[in-house]
Asker: 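The structure follows.
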Amino acid sequence: MAVAVNKQLNPLENAERQFSEAAALLKLDAGTMELLKRPRRATIQWLPVMMDDGSVRMFQGFRVQHNIARGPAKGGIRFHPDVSLEEVSALASWMTWKCAVADIPFGGGKGGIKVDPRTLSKAELERLTRRYAADLSDLFGPESDVPAPDVNTGEREMAWIADTYSMHERRTELAVVTGKPLEVGGSAGRREATGRGVMICVEEMCKHLGMKLKDATVAVQGFGNVGGVAADLLARECGVKVVAVSDVTGAIYKKDGLDIPAVLAYVAQNKKGVAGFPGATALANASDILELEVDILVPAALENVITSENADRIKARIVAEGANGPTTPDADQMLEARGIHVIPDILCNSGGVTVSYFEWVQNRMGFYWQEAEVNSRLREKMVKAFGDVLKMKASKDKDAKVSLRNAAYMVAIQRVLRVHELRGMYS
Ligand code: NAD
């Protein structure tokens with residue numbers, strides 16, 4: 001029996017539609033559009049892993065390199081039961097455009113393993129991660145393809161990947177992966193970088209709109225590396241009131257603002273999630289967090305959470321996309337029509353890959369910067385990228401209004417295309 005696929009929720013369809021809209025505004029011809037749309041390489045691996053009880057289990061892994069014209073493929077590795085080649089392909093293309101908007105010398109890539117990591121022991125996860133890294137050691141390399149963390153992977157997995165690759169190369173090569181622990185060549189400020197970039201984008205957006213950030217209300221969906229840090233920095237450095245946060249365990253709300261450091265400590269201590277945090281109200285449905293009466297909404301969990309089903313109930317004035325692909329193209333149009341300002345993912349969450357680039361640079365120099373230097377270089381890059389996108393929007397708005405997403409794509413596409421033109425075509 002055929003399974004109905006909701007095209008609106010297919011991240012690859014969405015990524016291609018976002019690209020095509022901007023490419024059409026740039027009047028690219030059909031061949032150029034194809035050149036920029038198709039992934040350069042997509043691989044599927046079946047990974048055998050010896051489980052703790054002696055049985056063997058097969059896991060499916062993926063790595064997609066979307067475009068490497070501007071430099072090595074760059075992009076995280078996701079561990080999630082719903083990972084698919086289509087999802088990884090969408091994420092890889094978003095990386096191409098993200099690196100170009102951020103103006104860092106990388107192309108786009110992404111990887112993933114179809115697994116629920118919570119069901120594996122630490123030793124099983126290590127064997128799975130190392131098998132994946134060993135299998136892809138021909139593709140990976142500081143000059144060719146540099147992975148990083150994504151959903152359900154972090155410093156620990158990146159250290160395993162750096163070690164596996166180094167064992168195969170017979171020398172220590174730390175620049176093969178970013179997001180590593182500090183002691184293994186990680187960069188100061190990397191863990192916070194994506195959330196910090198989200199904060200900088202929100203600040204820039206408020207400046208642009210003439211909107212006061214202090215005491216503005218914020219809701220954050222997803223309380224991991226991106227959402228947890230964004231909530232914390234927005235509260236501590238900008239004085240906003242984070243009234244609601246959520247994760248897989250549920251959503252919590254407090255009208256006067258949650259004590260985010262206390263929520264972070266609670267999550268770290270009970271090793272589960274935000275649900276049950278004392279003194280806050282639980283929202284009946286975790287997804288209700290998206291529809292709260294707040295000034296700023298930060299979706300920082302997974303893709304396709306703002307769809308045509310709920311877009312007309314979003315009340316925030318600004319949507320800052322911490323996650324990749326949280327808004328479907330149909331929903332995008334609805335938000336745009338209602339005057340809601342969406343800071344697109346390829347701009348809003350580019351702080352992570354920007355500091356990944358700094359980490360790669362530091363590894364190759366063998367010289368490490370203080371956190372203040374990393375943060376100030378990050379701010380400089382993010383403010384420049386935000387300004388470039390606003391400038392593009394202003395230049396196009398004269399003819400017909402374009403969204404910030406279209407403008408960000410146009411900046412990125414022009415940059416990637418220029419490199420293709422200069423390098424020429426080898427065929
Ligand atoms: P993470 O694993 O650290 O955290 C994900 C969070 O989302 C967790 O709190 C999880 O409980 C929550 N979550 C998952 N499903 C949810 C649901 N249905 N409802 C509410 N919460 C849910 O992952 P992360 O690194 O923070 O990544 C989050 C998003 O940001 C992803 O889209 C990722 O691709 C994107 N991103 C991450 C980085 C990075 O540097 N880590 C950089 C750019 C973009």
Side-chain angles (χ1 to χ4, degrees), residues 11 14-15 74-83 87-88 90-95 97-99 101-102 108-112 116-118 147-158 177-180 186-187 189-198 201 219-232 244-252 263-264 266-268 271-275 283 285-290 297-306 320-327 343-359 378 382:
N14 292 345
K74 187 85 192 81
I77 296 169
R78 177 174 294 195
F79 286 0
H80 197 279
D82 297 337
V83 162
E87 183 187 52
V88 174
L91 290 160
S93 74
W94 283 323
M95 288 306 297
W97 311 125
K98 191 180 301 183
C99 292
V101 174
K110 204 80 180 193
D116 181 352
R118 290 172 307 181
D150 193 72
V151 174
N152 291 326
T153 60
E155 294 181 353
R156 181 181 68 174
E157 288 76 14
M158 299 308 116
V177 60
T178 59
K180 303 178 293 290
S187 174
R190 171 61 185 92
R191 205 188 70 75
E192 298 80 12
T194 310
R196 183 171 291 282
V198 171
C201 282
V220 182
Q221 182 195 46
F223 204 63
N225 187 4
V226 181
V229 173
D232 188 39
V245 296
S246 72
D247 63 15
V248 276
T249 66
I252 55 170
V263 183
L264 285 167
Y266 173 83
V267 170
K271 288 203 168 51
K272 278 202 178 122
V274 300
L283 296 181
N285 287 310
S287 59
D288 290 350
I289 192 163
L290 300 166
L297 173 65
V298 182
L302 292 171
E303 51 268 27
N304 295 332
V305 294
I306 304 178
E321 294 186 334
N324 286 309
T327 312
I343 312 175
D345 47 7
I346 58 170
L347 171 64
C348 194
N349 68 37
S350 65
V353 76
T354 299
V355 175
S356 272
Y357 164 54
F358 296 161
E359 181 176 331
L378 171 64
M382 299 285 313

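Whatever order the structure lists ligands and atoms in, that order sets their numbers, starting from 1. Hydrogens, waters and symmetry mates are skipped; everything else that's a heavy atom, side chains included, is used. Residues take their numbers from the sequence shown, with the count starting at 1.
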Asker: Take Thr249 and Asp247 through the side chain to side chain donor-acceptor pair (under 3.5 Å) test and state the conclusion after the steps.
Answerer: CA-CA 5 Å; Thr249 66; Asp247 63 15; 2.6 Å; yes
Asker: Less than 4.0 Å between atom 18 (N) of ligand 1 and some protein heavy atom, yes or no?
Answerer: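 No, because not a single protein heavy atom sits under 4.0 Å from atom 18 (N) of ligand 1.
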Asker: Quick check: does Val151 get an N/O under 3.5 Å from an N/O on ligand 1?
Answerer: no
Asker: Out of Val305, Leu91, Asn324, whose heavy atom is nearest to atom 32 (O) of ligand 1?
Answerer: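 Looking at heavy atoms only, Asn324 sits closest to atom 32 (O) of ligand 1.
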Asker: Let me see the working for Glu359 and Lys180 under salt bridge (charged side-chain N to carboxylate O under 4.0 Å, His left out), right down to the final yes or no.
Answerer: CA-CA 9 Å; Glu359 181 176 331; Lys180 303 178 293 290; 2.7 Å; yes
Asker: Could you walk me through whether Lys74 and Thr178 pass side chain to side chain donor-acceptor pair (under 3.5 Å), step by step?
Answerer: CA-CA 9 Å; Lys74 187 85 192 81; Thr178 59; 2.8 Å; yes
Asker: Measure from atom 29 (C) of ligand 1 to every heavy atom in Gly76, Gly222, Ala193, Ala301 and give the option owning the shortest one.
Answerer: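 Comparing heavy atoms across Gly76, Gly222, Ala193, Ala301, the nearest one to atom 29 (C) of ligand 1 lies in Ala301.
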Asker: Any idea which protein heavy atom is nearest atom 4 (O) of ligand 1, and the distance to it?
Answerer: Gly224 CA, 3.3 Å
Asker: Using distance alone, decide if ligand 1 has a nitrogen or oxygen within less than 3.5 Å of any nitrogen or oxygen in Arg78.
Answerer: yes
Asker: If we only count N/O pairs under 3.5 Å, is Asp150 in contact with ligand 1?
Answerer: yes
Asker: Looking only at heavy atoms of Arg191, does any of them come nearer than 4.0 Å to an atom of ligand 1?
Answerer: no
Asker: Say you draw a straight line from NZ of Lys110 to CG of Asn324; how long is it, rounded to the nearest 0.5 Å?
Answerer: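 That separation rounds to 5.0 Å.
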Asker: With rounding to the nearest 0.5 Å, note down the distance linking CD1 in Ile77 to CG in Asn152.
Answerer: 13.0 Å
Asker: Do Arg78 and Thr153 meet the criterion of a side-chain donor-acceptor pair at a distance under 3.5 Å?
Answerer: no
Asker: Got an N/O contact under 3.5 Å between Lys98 and ligand 1?
Answerer: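 Checking ligand 1 against Lys98, no N or O pair falls under 3.5 Å apart.
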Asker: What residue and atom, counting heavy atoms only, is the protein's closest point to atom 24 (P) of ligand 1, and at what distance?
Answerer: Val226 CG2, 3.9 Å
Asker: Between Asn304 and Asn14, do the side chains contain an N or O donor and an N or O acceptor separated by less than 3.5 Å?
Answerer: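 Judged by distance alone, the side chains do pair up.
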Asker: Using a strict 4.0 Å cut-off to heavy atoms of Ala323, name the atoms of ligand 1 that fall inside it.
Answerer: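 Contacts of ligand 1 toward Ala323, numbered from 1: 29 (C), 30 (O), 32 (O), 35 (C).
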Asker: Tell me every residue that passes ring-ring contact (aromatic ring centres under 6.0 Å, His included) with Phe358, counting only those two or more places apart in sequence or in another chain.
Answerer: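 Trp369.
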Asker: Any donor and acceptor pair, going by atom type alone, linking the side chain of Asp288 with main-chain N or O of Leu283 inside 3.5 Å?
Answerer: no
Asker: With a 4.5 Å heavy-atom cut-off, do Leu297 and Ile306 have their side chains touching?
Answerer: yes
Asker: Starting at CG of Leu378, measure out to OG of Ser187 and round the result to the nearest 0.5 Å.
Answerer: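 Taking CG in Leu378 and OG in Ser187, the distance rounds to 10.0 Å.
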Asker: Taking only non-hydrogen atoms of Gly322, do any sit less than 4.0 angstrom from ligand 1?
Answerer: yes
Asker: Can you check whether Pro149 has an N/O within less than 3.5 Å of an N/O in ligand 1?
Answerer: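 N/O-N/O distance below 3.5 Å does not exist for this pair.
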Asker: Could you tell me the residue and atom name of the protein heavy atom closest to atom 9 (O) of ligand 1, and the distance to it rounded to 0.1 Å?
Answerer: Phe223 N, 3.0 Å
Asker: Which value, rounded to the nearest 0.5 Å, describes the distance between His80 atom NE2 and Asp116 atom CG?
Answerer: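 Separation between the atoms: 7.5 Å.
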Asker: Below 4.0 Å, non-hydrogen atoms only: which portion of His80 touches ligand 1? Side chain, backbone, both or neither.
Answerer: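 Answer for His80: neither.
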Asker: What part of Glu303, side chain, backbone, both or neither, has a heavy atom within less than 4.0 angstrom of ligand 1?
Answerer: neither
Asker: Between Thr194 and ligand 1, find which residue part has any heavy-atom pair under 4.0 Å and reply side chain, backbone, both or neither.
Answerer: side chain
Asker: Given Asn349, Thr354, Val248, which has its nearest heavy atom closest to atom 43 (C) of ligand 1?
Answerer: Asn349
Asker: If you have a sec, work out which protein heavy atom is nearest atom 41 (N) of ligand 1 and how many Å separate them, to one decimal?
Answerer: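 For atom 41 (N) of ligand 1, the nearest protein heavy atom is Asn225 ND2, 3.3 Å.
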Asker: What atoms in ligand 1 come closer than 4.0 Å to a heavy atom of Arg190?
Answerer: 40 (O)
Asker: Does ligand 1 have an atom that lies less than 4.0 angstrom from a heavy atom of Ala300?
Answerer: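 Distance cut 4.0 Å: Ala300 passes for ligand 1.
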Asker: Which residue supplies the protein heavy atom nearest to atom 2 (O) of ligand 1, what is that atom called, and how far is it?
Answerer: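 For atom 2 (O) of ligand 1, the nearest protein heavy atom is Asn152 N, 3.1 Å.
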Asker: Decide yes or no for Pro11 and Trp94: does some side-chain heavy atom of the first lie under 4.5 Å from some side-chain heavy atom of the second?
Answerer: yes
